[in-house]
Amino acid sequence: MDDRITTGGGTCDVGEFAWDVVLWRRGRADVSACLLAATAASWLLFYGPGRGYTALSLASDVLLLLLTVLFLWGKAARLLNRPAPPVPAMRVSQRAVDEAAALLRAALDAVCSGFHDIATGGDSLLFCRVFLCLWALSIVGSLTDFPTFCYASIVAALTLPALYQKYQDCVDTYMRFAYMNLRMYEMVYERFSMKCFIRVRDCVTEVLKDP
C-alpha cells in the first residue's frame with residue numbers, strides 16, 4: 001500500500017505531512033490552525049459552559065439541514081429547468097475497503113499477539129510497557145474524562161512540539177539548569193543520608209557494646 005498523499009505542492013509522504021502539520025511548517029500552518037480551532041470549538045460546543053449540543057444531536061441537525069436544502073434545491077431546479085445541485089457521485093471503492101480491512105486486521109493481530117505474549121509470560125519488556133501505559137491511563141482517567149483527555153492530547157500535539165522547536169535553545173538551557181540543580185540536591189541528599197546512616201550505625205554499635 002502506498003503511504004503517499006497528493007497535495008497542492010505535489011506528492012509527499014504521510015508521515016512527513018503529519019510532522020509538517022504538527023510543527024506548523026512548509027505551508028501547513030493553515031491546516032494546523034484549522035485543526036486547533038476545530039478542536040477548541042468542538043470542545044466548547046460539546047463540553048463547554050453551555051453544553052447545548054451532543055455529538056449525535058449536532059450531526060443530526062447538520063445532516064437534516066443539509067439534506068433539506070439539497071432536496072429543495074433539486075426540486076426547484078427540476079421545476080425551473082435549472083442545473084441540479086453540484087453534488088458529486090460518492091462511491092466507496094473496493095480498494096479502499098480492502099485497505100481499511102487490512103489495516104484493521106493488522107492492528108488486531110498485533111494486539112492479540114501482544115496479549116498472548118504477556119499472558120504466557122513470554123515478553124517481560126512488553127508487559128512492563130503495557131503496565132506503565134495502563135497505570136498512567138488509570139491516573140489520567142481518575143483526573144478527567146475521556147473526551148476531555150482526547151481534546152487535550154490533540155491541543156498538546158498541535159502546540160507543544162511547535163513551541164519547543166521555536167524556543168528550543170531557551171528550553172534546553174532551562175532544562176540543563178534544572179538538571180544541574182536536581183543533581184546538586186541529589187548529591188546533598190546522598191551525603192545527608194550517608195551521615196545519618198553512619199550516626200545510626202555508631203549509636204547502635206555503642207549500645208551493643210554496653211554491658
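None of the values given here were measured: they were computed from a predicted structure.
W24 approaches L158 most closely through the heavy-atom pair NE1-O, 2.6 Å. Smallest separation of non-hydrogen atoms from A77 and A84: CB-CA, 4.1 Å. Taking each heavy atom of T120 and D117 in turn, the nearest pair found is OG1-O, 3.4 Å.
In the hydrophobic clustering (ILVMFWY side chains linked at under 4.5 Å, chained through shared members), F197 is joined by M194, I198. The other residues sharing a hydrophobic cluster with L163 are Y164, Y167, V171, M175, where clustering joins ILVMFWY side chains under 4.5 Å apart.
In this structure, L103 CG and D98 CG are separated by 11.0 Å, a value rounded to the nearest 0.5 Å. Interatomic distance, E186 CD to S193 OG, rounded to the nearest 0.5 Å: 10.5 Å. Note that the SG atom of C196 and the OH atom of Y189 stand 9.0 Å from one another [nearest 0.5 Å]. The distance from the OG1 atom of T173 to the CD atom of Q168 is 10.0 Å, given to the nearest 0.5 Å. Rounding to the nearest 0.5 Å places CG of D61 at 12.5 Å from CG of L66. Taking CG of L160 as the reference point, atom OG of S153 lies at 10.5 Å (rounded to 0.5 Å).
Here E190 pairs with nothing under the salt bridge (Lys or Arg N to Asp or Glu O under 4.0 Å) rule; sequence neighbours left out. D169 pairs by the salt bridge (Lys or Arg N to Asp or Glu O under 4.0 Å) definition with nothing, not counting sequence neighbours.
Contacts classified as salt bridge (charged side-chain N to carboxylate O under 4.0 Å, His left out) and involving residues 68-91 (residues at least two apart or in different chains) are not found.
In this structure the side chain of L35 never reaches within 4.5 angstrom of the side chain of I154, judged on heavy atoms.
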What donor-acceptor contacts under 3.5 angstrom involve side-chain atoms of residues 126-137, with partners at least two apart or in another chain?
none

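In M184, the CE atom is crowded: over 12 heavy atoms of neighbouring residues, nucleotides or ligands sit closer than 6.0 Å.
The backbone N or O of L64 sits less than 3.5 Å from a side-chain atom of T68, completing a donor-acceptor pair.
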